[in-house]
Amino acid sequence: MAKRIAILTGGGDCAGLNAVIRAVTKKAILEFGYEVYGFEDGYEGLIKNSYRRLEFNDVSGILTLGGTILGTSNKANPFKYAFKKGDQVIHEDRSQDVLHNYEDLDIDCLVCIGGDGTLTIAKKLADLGMNVVGVPKTIDNDIRGTDVTFGFDSAVEIVTEGIDRIHSTAQSHHRVMIVEVMGRTAGWIALHAGVAGGGDILLIPEIPYDLNRVVERVLLRSKKGKRFSIIVVAEGAKPKDGDVTIQRIVKDSAEPVRLGGISFVLGQQIEEATHLETRSVVMGHLQRGGDPTAIDRVLATRLGTRVVDMIENKEFGQMVGVRCQGLVNVPLDEVAKGARLVSIDDPLIKSARSIGVSFGD
Ligand code: F6P
């Protein structure tokens with residue numbers, strides 16, 4: 001009997017998910033003759049037993065497609081499944097339903113493509129006895145055990161284009177422009193897109209900023225005849241003596257806090273302190289949409305095909321990671337140890353500082 005595998009995509013989407021689904025499915029069918037299934041909307045589909053067969057033709061032509069053909073959810077946690085009863089949010093353990101559905105479909109391995117939330121759940125499912133392998137994804141680039149995640153390069157590309165466009169209007173109007181980017185508690189997107197887009201001040205969560213230093217830098221530029229400034233701020237950036245800016249609480253989400261809004265707070269403070277006209281732009285979900293870059297397509301294809309080898313070799317309870325350009329197996333429990341943050345000694349921070357970029361410290 002042919003081996004059966006199932007794929008799911010969980011958590012916030014990013015460019016390159018379909019490229020992974022395609023790579024896994026094509027290799028599994030072509031090289032090993034597996035039957036491939038896809039659970040819909042991440043763990044929601046596994047809990048509710050909502051799945052469909054993926055044939056070769058179903059994944060043909062999706063390499064460049066943004067989003068995920070399987071759908072996703074960043075709420076459905078089988079161990080703490082939230083549902084609303086009136087105004088209240090109740091949680092229940094649905095892991096036994098998941099185990100039942102997994103056994104019922106008689107799958108040999110479940111491929112979980114997701115970020116830290118999805119992969120931490122995958123580890124718990126492995127502990128229940130399920131054969132699971134993981135593929136790390138996120139625009140935030142903050143997963144432990146891998147040097148890079150697919151989706152990151154595409155997000156950096158989008159933000160860089162955004163900063164380029166902001167540059168010209170900032171120049172014309174002689175304004176301070178603040179570009180807010182995603183990344184949760186990590187500053188990877190702000191750092192890389194900020195450098196690529198030639199930002200003057202980069203504010204990242206790993207280096208709490210001093211508002212006075214930021215104001216000084218803007219005024220200094222102005223004094224030197226630079227009549228505009230570009231500030232790139234990560235949504236998780238915070239002042240030295242303060243806290244992050246929270247945009248909303250999503251009660252039925254496994255991680256309820258959504259960051260956002262720091263650029264507006266900062267914009268007002270800078271305008272008041274400098275008397276220079278200031279505007280804020282939030283890149284938001286644009287960073288997760290659209291087609292993957294060539295780099296992400298290649299990475300997604302490498303990760304997706306490697307994971308099929310892991311299944312063939314029965315290397316379960318692990319994810320595929322990137323180390324020094326090569327691919328490695330990483331135990332899934334590595335992910336649960338916390339986010340992979342930017343080191344304050346990161347060579348890119350040093351390079352940026354050496355050309356006069358301020359980190360507000
Ligand atoms: O983890 C990916 C991410 O886009 C973060 O950068 C951001 O903080 C969060 O997801 C936004 O979540 P949502 O899509 O629920 O607004």
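Note that ligands are numbered from 1 as they come in the structure, with each ligand's atoms numbered from 1 the same way. These numbers come from a predicted model, not from an experiment.
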>> Going by ring-ring contact (aromatic ring centres under 6.0 Å, His included), name the pairs with one or both residues in residues 196-240, residues two or more places apart or in two chains.
In response: His167-Phe228

> Given Asp361 and Lys240, is the salt bridge (Lys or Arg N to Asp or Glu O under 4.0 Å) satisfied, shown in steps?
Replying inline: CA-CA 9 Å; Asp361 53 342; Lys240 274 187 175 148; 6.0 Å; no

>> Only heavy atoms of Gly183, strictly under 4.0 Å: list the atoms of ligand 1 that pass.
In response: 6 (O)

>> Give me the residue, atom name and distance of the protein heavy atom closest to atom 10 (O) of ligand 1.
In response: Arg288 NH1, 3.1 Å

>> Consider side-chain contact (heavy atoms from CB on, under 4.5 Å). Of Ile231, Asp200, Ile230, which one does Val176 pass it with?
In response: Ile231

> Quick one: does Gly115 get within less than 4.0 Å of ligand 1, heavy atoms only?
Replying inline: no

>> Just to be sure I read this right, does ligand 1 sit under 4.0 Å from the backbone of Gln287, its side chain, both, or neither, counting only heavy atoms?
In response: neither

> Which is it for Glu312 and Lys3 under the salt bridge (Lys or Arg N to Asp or Glu O under 4.0 Å) test, yes or no, and what are the steps along the way?
Replying inline: CA-CA 10 Å; Glu312 228 359 60; Lys3 247 188 207 175; 3.4 Å; yes

>> Within ligand 1, which atoms have a heavy atom of Glu235 less than 4.0 Å away?
In response: 5 (C), 6 (O), 7 (C), 8 (O)

> Can you tell which of Lys137, Arg184, Arg144 makes a salt bridge (charged side-chain N to carboxylate O under 4.0 Å, His left out) with Asp116?
Replying inline: Arg184

>> Keeping Gln287 on the side-chain end and Met182 on the backbone end, is there a donor-acceptor pair under 3.5 Å?
In response: yes

> Is it true that His285 lies under 4.0 Å from ligand 1, counting heavy atoms only?
Replying inline: yes

> Is the shortest distance from a heavy atom of Leu259 to ligand 1 less than 4.0 Å?
Replying inline: no

> So, does Arg340 use its side chain to make a donor-acceptor pair with the main chain of Asp147 at under 3.5 Å?
Replying inline: yes

> Backbone, side chain, both or neither: what part of Val250 comes under 4.0 angstrom of ligand 1, heavy atoms only?
Replying inline: neither

> Is any NZ, NE, NH1 or NH2 atom of the basic residue among Asp58 and Arg53 found under 4.0 Å from an Asp or Glu carboxylate oxygen of the other?
Replying inline: no

> Short list, please: which atoms of ligand 1 are under 4.0 Å from a heavy atom of Asn74?
Replying inline: 15 (O)

>> What protein heavy atom lies closest to atom 1 (O) of ligand 1? Include the residue and the distance to one decimal.
In response: Asp140 OD2, 2.6 Å

> Can you tell me the protein heavy atom closest to atom 15 (O) of ligand 1 and the distance?
Replying inline: Arg258 NE, 2.6 Å

